[in-house]
Every structure is written in C-alpha cells, then in structure tokens.
Number of protein chains: 2
Amino acid sequence: MHQPDPPPAPKPLRADAARNRAKLLAAATELFGERGLDAPLEEIARRAGVSIGTLYNHFPSREAFWEAIFPARLAALEQLTETALAAPDAWDGFVAYLEGLFALQAEDQGLNDAVAQRFRAAGEVEQACNRGFRHAELLIQRARDSGQLRPDFEAADLVTLSWAMSQVIRESMETAPDAWRRCLAFFLDGLRTGAAHPIEVPPLPQGQPGEVTRSR
Amino acid sequence: MHQPDPPPAPKPLRADAARNRAKLLAAATELFGERGLDAPLEEIARRAGVSIGTLYNHFPSREAFWEAIFPARLAALEQLTETALAAPDAWDGFVAYLEGLFALQAEDQGLNDAVAQRFRAAGEVEQACNRGFRHAELLIQRARDSGQLRPDFEAADLVTLSWAMSQVIRESMETAPDAWRRCLAFFLDGLRTGAAHPIEVPPLPQGQPGEVTRSR
DNA sequence: AAGTAAGTTGAGGCATGCCTCAATTTAACG
DNA sequence: CGTTAAATTGAGGCATGCCTCAACTTACTT
C-alpha cells in the first residue's frame, strides 16, 4: 500500500533559487500592477535583478506568473465578499462589494486587465474565480430579495459592469483616479428597484457557471 | 498682390497612384474596422494588393490613415446629433444619440478604439471632435432643461460613459453583440431625474473644451 | 516612339519581445 | 576542501512590425 501522495513533494529549493524566485515574484507583482498583464517579461527579470534565463527557469510562461500571483488577489476579493454578505443592509452590502472590487482593480492594472478579459484563467485560478462568482451571485440574490436591487439584474450583468468599469479605471487612473466612483454612482442609481424601466435585451449568455474569463 | 493660396494645390495624381491610394484607403478602413487602430500596416498593404513601400508613399504614418478615414465617420456622428437634436422629446433625443453613437462604435472597432482614447487626434480630426462634443453638450443641456435628465449629469460624464461602453462593446462583440444595449439601459435608468441620488465625486476635469482624446 | 518625372517595389535595417541552451557559477553535502 | 547537482547566465535564434531607399517600372508629355 503506497501513500495517496498528497501534494507531489515540492522539493526544497536551493537558497539562491528561493531568493531569486521571491525577487521575481515581487517584481512581477509590481510590474503587472503598474502596467497590466502584458508587461514584458524581460523587464520583470531586469527589475528583479536576475537574468531572463533565470526567470524562465522559475516561471516557464507568463501564465505561470499569474497562477502564482492571482490567488492572493482573489483571496482579498473573497474577503470582500464575506464582509459584504455580512452587511446588515443588503443593498449596502451589494454597493460595498462593487466599490471594493473596483477599488482593487484601480489599485492593480493586472487585476483590472484580468477582469477585462485579457487573460485565460485555468486550474487553481479558475476555481477561485468560480467561487468568487458564486458568492457574488448570493450578494445579488440577497439585494434583489430585499427589494432594493431591481429584479432583472443578474449575475451576468456583473460581468458586463466589470468590463465597463475596467476601461473607465484604465483611462482615468492617472488624471482622475476617482472618476470610476462617479460613473459607478450613476450606474447604481439605475439599479435601484425604483429606477427600473423594462429592458428588452437579455443578459449575457453564461457558458459554464461563473465563466468570467475567456481568451481575449 | 499674390493669391491668398486657398488650398495649397493638391497636385493631380497619376492614374495608378490614384487607384492605389483608393485601394489602400479601402483596405485600411476595413482592417481598422475589424481589428482596431493597432492593425498592422503591413496587412493593410497586403490587403490592398500593394507593396509596403507604396503604402508609406501615400500615407507616411498610421495617423495619416486616421486623418483620411475619420472625417467620414465623424460626419455620420454629426448627422446623428442633428437628428437627435431635432427629436420632439429631449430625453428621447438624448437616448437616441447614445444608442446611435454606441451602435457606430459596435460596427467599427477603429471608432471604438478612438472613443476609448487609443489615439491622439490632431488637426482636422480634432476640430471635428470638438464640434461633435459641443453638439453633444447641447443635447445634454436640452435633456436636463426638460427635467428628464438628472441635473448633475455633465458633458464630461459622456466621456466616461463612452469609455465604459467601449469595453463592453469590445468584449461582447463576438459572443453577444447586443450586450451593450442592456448595459446602457441600466445606465440610462440611473440618468433619469427620478432615479438621481446625490453624487460626491466631481466630473472629469476637462482640459480644453471638448478634449475627448489624449495619447494612450 | 522616346524621354522623363512620378510611382512602385521589396529586401533589409531597426526595435521589441519571446524563448532556448551550452557554458559557467555556486550552494550544499560528505 | 572537493565534488556534484542545482541554478544562473546571456548571447543568439525567432517572430512581428515599423520604416527606408536604391533600383526598377510605368503613365503621361511632346
């Protein structure tokens, strides 16, 4: 009887390797945050003070970086959802969630790109996305049930909204970093039950449940 | 006394040159429309059945193409504004304008990119943008005065909205080409006077009046 | 039909960015 | 220490896309 090999033994790194890996991760986090998911890998290496070869040694692809970086971000998001779900008022919780989400995007171009569909999630990241999306659905449900969020607002509409805000954030980041808040405020006023007028167009068809991401 | 040299004599082209120019313009319009303002010039040349050298002979820069292409698009927009201003109901006119604008963007990735700030207008194009923007201001004014558009919606907010919609359009174009209409409907419901809640954040600071465009 | 200016061509130089791998350096272990 | 496997290095190959220019072709003039 052999062990059910739990995690397949991530053998220990040599000291220098571990150091370099950490520097690369820091540099990548920083650069993706500043310049988005397309930031050149060569500059990440430069910023980490490491050769391009070493970079590829640790992270064989751009996606490998994402997989190493996003879980932390997504955890912050999950945290945010918890808090929002715990808010005494359903509408307030819903609003707090949106504001928190977009504030995160505004702080991190990489996350903003991710939300704006500029990468294809897989594996661990995909799982986390799905979880996050399902939680957001709860929030929406709750706000709808309380009678404050218009009944025709669906989870899929959250995706569209995120796309929209991502561009506002991207464009205004430097000149007017709070512009997205104003835009969101207008939008939110349209989401209140009292404001609702009938809408003809159906929501986005969602592929898999929680499919927030597709190749660009 | 010398003539006030009206247009500085755009000397006639040789027959083949004129033909090639036309083919290039057609190809560029098509490709920019399909793939956005970053479409490779070499493919434009290929599609026009002309060498890259000839392309540069006629249009020494990417911007030269834009200057040749956009006036026509902007004219369509101007037309749209006329119509909207002539609408019997101010709100309906306002809505028709927005729908028309975004429909144009949805038909043409290049225009969509332009609206989303992905190029720097100059000269003739800039003039046209300014005119267009001033007309849009009239529309907004009119809708506000009629008491249907909330009083705190300003022309600068139109810019933000365009950014927002440009991303929705870009992302949904292939899978759900009408998605932007639904998003816009939500947003519009927030723009009605009745829906308005106070907003803290000020509108975008506009640089020059009508400054819709900045280098990316 | 010949002459010539106008127009066309595409190879090739430049830059950026991805990625590989043979040679070298270095941490870690006995 | 000395050995060796692990890690690092960076030149260089590849691809894309921009742009130029000397050699060639062609439309128009007389």
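This structure is a prediction, so every number in the text was calculated from the model and none was measured. Protein chains get the first letters and strands the later ones, always in sequence-line order, with residue 1 at the start of each. Just so you know, these numbers use all the heavy atoms, side chains as well, and skip hydrogens, waters and symmetry mates.
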Starting from the 5' end of DNA chain C, give me the residue, A:D16 or A:S61, whose nearest nucleotide shows up first.
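Residue closer to the 5' terminus by nearest nucleotide: A:S61.
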
Starting at atom [atom1] of [X], determine the distance to atom [atom2] of [N], rounded to an integer number of angstrom.
X     : N      : atom1 : atom2 : answer
A:I44 : C:dC18 : CD1   : C1'   : 13 Å
A:R14 : C:dA28 : CZ    : C1'   : 8 Å
B:Y56 : C:dG13 : OH    : P     : 17 Å
B:E42 : D:dC18 : CD    : P     : 6 Å
B:F59 : C:dT8  : CZ    : C1'   : 15 Å
A:L55 : D:dG10 : CG    : C1'   : 13 Å
B:N57 : C:dA5  : CG    : P     : 17 Å
A:L24 : D:dT8  : CG    : C1'   : 11 Å

Which comes earlier along DNA chain D counting from the 5' end, the contact point of B:G53 or that of A:H58, where each point is its nearest nucleotide?
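On the 5' side of the pair lies A:H58.
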
With nearest nucleotides of DNA chain D determined for B:L41 and A:A17 from heavy-atom distances, which residue corresponds to the more 5′ nucleotide?
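The 5'-side residue here is A:A17.
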
SB check B:E78 B:R131 (cutoff 4.0 Å):
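Between B:R131 and B:E78 there is a salt bridge, with a charged N closer than 4.0 Å to a carboxylate O.
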
Step by step, would you call B:Q167 with B:E171 a side-chain hydrogen bond (donor to acceptor under 3.5 Å, both in side chains)?
CA-CA 6 Å; B:Q167 183 68 16; B:E171 288 306 328; 3.1 Å; yes

Give one of base, sugar-phosphate or nothing for B:I52, where a contact means two heavy atoms less than 4.0 Å apart.
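Base contact - B:I52 has a heavy atom under 4.0 Å of at least one base atom.
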
When you measure from the side-chain N and O atoms of A:N20 to the phosphate of D:dT8, is any distance below 4.0 Å, counting only OP1 and OP2?
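So the side chain of A:N20 is within the cut-off, an N or O lying under 4.0 Å from OP1 or OP2 of D:dT8.
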
If the cut-off is 4.0 Å, is A:T54 near the phosphate of D:dT9, judged by side-chain N/O to OP1 or OP2?
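Yes, within the criterion.
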
A:R46: what forms a salt bridge (charged side-chain N to carboxylate O under 4.0 Å, His left out) with it, not counting sequence neighbours?
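Residues passing salt bridge (charged side-chain N to carboxylate O under 4.0 Å, His left out) with A:R46: A:E43.
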
Would you indicate which nucleotide in C:dG7, D:dC18, D:dC28 comes nearest to any side-chain atom of B:P40?
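Of the candidates, D:dC18 comes closest.
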
Could I get the full list of side-chain hydrogen bond (donor to acceptor under 3.5 Å, both in side chains) partners for B:Q127, not counting sequence neighbours?
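B:Q127 satisfies side-chain hydrogen bond (donor to acceptor under 3.5 Å, both in side chains) with no other residue.
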
Measure from the side-chain N and O atoms of B:R62 to the backbone N and O of B:A39, and report whether any donor-acceptor pair falls under 3.5 Å.
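Yes, the answer is positive, given that a donor and an acceptor are paired below the 3.5 Å cut-off.
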
